[in-house]
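Before any comments, here is the structure.
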Amino acid sequence: MADEPLDPPAAPPPEMAPSPAAPPSALLRPRREAFEHGLLPIPKLIFPESTLAQTLAQLKEKLVAAAPDGRVGAETLAESLQIPHEQAALALGTLAAVLPTEDPALADGGGTADLRDLLLFLYIQSYKRLVPRSAHKDSPAVADVWPSTSAFDGYLSQLSPIQLVRSNSRRFMPSQADEEIHQLSYLQKHMANILSLLADSIEGEGDDSMVLTMETFEHLGFLVKVSEGTSLSQTATFFANSDPDMPAAPVPASQILEWMSLNIASSLEYCTERSAAKESSQQIDTDVTMTDVNTSQPRNSTPSSNPSYYRNTTFVEGFSKTSVVKHAADVKGHSVKILNCHDSVIYILAPVKYATVYGCSDATVVLGAVGKVVKVEHCERVHIIAAAKRISIANCRECIFYLGVNHQPLVLGDNHKLQVAPFNTHYPQLLEHLTQVGVDPTLNKWDQPFVLGVVDPHDSLSHPAGVSDVKAESAASLDPDLFTNFLIPSCFGAEVQKPTKCNPFPLPEIYGASQRKKHSALEDIQKTVRELQLDDNRKRELTIALHAQFKDWLYASGNIRQLYCLQGD
């Protein structure tokens, strides 16, 4: 699932304002995955910016001494940073999840990491997310009512997650293009330090004493990328056209810095102008009406700021009171983002690498198979049904997570009344999709939350100092008597040779027993009804009463909307 190249700006009519500048020869883009899924709120991984380069240089010396082969395991990392082993293992697992290519020696985080990748991963832990253009937290437009104090004596946000999203209205929140520009600016500022951290010292004087090999240069692909399928070394003039039979000679770090700085500056200028042009033209309206929704047709809702940025991301955005279905053929790229959807059911029945659910309320979201990370933030009263390698949950309220996850669910931020339960659904292609992305259905750690701190140092919404050691509220296991299977309409499934006919994640015995008890009770009721000696009029009355009760339940639960959507097909 490859990125498509950016579209060149079209030539405008003479009477229009000039179009953005032509793209630079090497358009460098930040790898969003590293910044969106690779940051951990672990204080000892985050160093002050003023001493960041020096601290990491000292850490590099320590790690080289402890791991002369250049591969660092969790034990070595824990000892070097003086952190618990489980936090070091989490760091390596998170690194594995955001690498641009698979590292067999690191596997899924259980092996050893390349020191160069690890140093880059640790460096960006200092990154701060983009500050909203307006930080008003008491908007009169907020309709929800939320307690005036939080579970932590009111020092955190006094708004619910949805209030926080709404009060920082869409026009004030950073767009996707804004965030990429912010990330590029961060890399521009820190590139000299990053290169000095990766460089090797050789005999020589001045700038020529620090060099990078072509292999080390390629590790910068953790942070930046050019078009899909093109490596950095193929783009850079000093490594291009190297003899494949002869290793390329190391290049002075100063020369690489000059090339990176020039191209990042050109890319920033191009992207900034293009984003401004898109924003001013307001060419795309992302509001969705009921008549726009057709669950049988693929539809991508893309942010208006700069859609050409996002050819490897599928957006499902702004849906309300409807059902939306995305199959594999509808998903563009390896990432899906479900943003600001309310009172809806969203089905992503496709294999992807990354998934984000942000700012949703009173919704159900089904994620079929996510091979890297699911991130859920600022959601209220949402049911998340996800089969994934990893999941991160932050700043959510009254949500239930039905999980099939190979690693412990990561819980952080200001949460309230979260519940977790085993995975509870299936569709015909589910096993095939799990295999494609590498999720193991025999391994499910749904009930082992890994709880980190309440305060996220990367968050642009600052919190008072001195509270970084306060743990986030964990998630409770759902009462087995409340556990039910979620049925995906059969018409949503495609024809496959070996369809998945049941939940591939085995249920824990207590949940399985509860399911069997409910099935037994249902069979008893059906048997009793069949054995009733009733005349035709009484049978008709019973049928009408049952239908009325079922109809009342459909309306009360909101499931009536799904029937309407299915009828619309």
Side-chain angles (χ1 to χ4, degrees), residues 1-4 32-33 36-37 97 228 288 293-302 307 310-319 322-339 341 344-358 360 363-376 382-391 401-406 423-441 486-505 562 565-566 569:
M1 290 181 273
D3 284 359
E4 296 176 23
R32 292 194 310 274
E33 297 83 359
E36 293 180 1
H37 299 282
E228 194 73 18
V288 178
V293 178
N294 185 341
T295 57
S296 65
Q297 297 293 330
R299 181 190 185 281
N300 292 328
S301 174
T302 307
Y310 308 111
R311 298 297 174 80
N312 68 342
T313 301
T314 294
F315 288 85
V316 178
E317 183 173 7
F319 287 97
T322 190
S323 295
V324 181
V325 184
K326 295 289 183 184
H327 295 288
D330 308 324
V331 173
K332 307 234 182 299
H334 60 243
S335 179
V336 63
K337 291 191 175 184
I338 301 160
L339 311 174
C341 293
S344 297
V345 183
I346 312 295
Y347 301 88
I348 308 297
L349 308 182
V352 295
K353 289 183 179 180
Y354 301 94
T356 298
V357 184
Y358 181 91
C360 298
T364 296
V365 178
V366 181
L367 299 171
V370 183
K372 296 293 187 180
V373 189
V374 175
K375 181 170 67 173
V376 184
V382 172
H383 289 191
I384 302 288
I385 303 172
K389 277 279 186 71
R390 300 175 181 273
I391 186 169
F401 298 84
Y402 297 88
L403 301 177
V405 287
N406 294 166
F423 191 72
N424 67 338
T425 194
H426 69 279
Y427 59 94
Q429 309 98 313
L430 178 55
L431 265 177
E432 178 184 324
H433 290 170
L434 293 176
T435 301
Q436 284 182 35
V437 299
V439 175
D440 181 1
F486 183 84
L487 297 180
I488 296 175
S490 58
C491 59
F492 290 172
E495 293 288 334
V496 292
Q497 281 189 335
K498 296 181 179 179
T500 306
K501 296 183 178 180
C502 63
N503 181 355
F505 291 87
Q562 291 197 67
C565 290
L566 290 173
D569 289 346

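Keep in mind it's a predicted model, so treat the numbers as computed, not measured. Computed over heavy atoms, backbone and side chain alike; hydrogens, waters and symmetry mates excluded.
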Exercise. Is any side-chain heavy atom of Val365 less than 4.5 Å from a side-chain heavy atom of Val376?
Worked result: no
Seminar exercise, completed: What one should report as the nearest heavy-atom pair of Ile338 and Cys360 is O-SG, 3.9 Å
Exercise. Nearest 0.5 Å, what's the CD1-OH distance between Ile385 and Tyr347?
Worked result: 8.5 Å
For this session: Answer yes or no: is there a donor N or O on one side and an acceptor on the other, between the side chain of Thr322 and the main chain of Ser344, under 3.5 Å?
Result: no
For this session: Heavy atoms only: give me the nearest Glu33-His334 pair and the separation to one decimal.
Result: OE2-NE2, 2.8 Å
For this session: Would you mind telling me which of Cys502, Pro504, Pro499 makes a side chain to side chain contact (heavy atoms under 4.5 Å, CB included) with Leu431?
Result: Pro504
Exercise. Any luck finding a side-chain donor-acceptor pair between Thr313 and Arg32 under 3.5 Å?
Worked result: yes
Seminar exercise, completed: Nearest heavy-atom contact between Asn503 and Phe423 is ND2-O, 2.6 Å
For this session: Apply side chain to side chain contact (heavy atoms under 4.5 Å, CB included) to Ile348 and Val316, showing your working.
Result: CA-CA 10 Å; Ile348 308 297; Val316 178; 4.2 Å; yes
For this session: Grab the two heavy atoms, one from Asp440 and one from Phe505, that are nearest each other, plus how far apart they are.
Result: O-CE2, 4.0 Å
Problem set entry | Side-chain donor-acceptor contact under 3.5 Å, Gln429 with His327 | no
Problem set entry | Reported CG-to-CD1 distance for the pair Leu403 and Ile391, which is rounded to 0.5 angstrom | 5.0 Å
For this session: Please work out which of the three classes, parallel, tilted or perpendicular, describes the rings of His37 and Tyr354, given edges at 30° and 60°.
Result: parallel
Exercise. Between atom OH of Tyr427 and atom CG of Leu487, what is the distance when rounded to the nearest 0.5 Å?
Worked result: 15.5 Å
Exercise. How far apart are the closest heavy atoms of Ala387 and Gly368, and which atoms are they?
Worked result: CB-O, 3.3 Å
For this session: Write down the atom of Val352, the atom of Val437, and the distance for their closest heavy-atom approach.
Result: O-CG1, 3.7 Å
Exercise. Of the options Val405, Leu367, Thr356, which is the one that meets Val374 in a side chain to side chain contact (heavy atoms under 4.5 Å, CB included)?
Worked result: Leu367
For this session: Give a yes or no on whether the backbone of Phe486 and the side-chain of Thr425 come within a donor-acceptor separation of less than 3.5 Å.
Result: yes
Exercise. Heavy atoms, side chains only, cut-off 4.5 Å: are Val366 and Leu349 in contact?
Worked result: yes
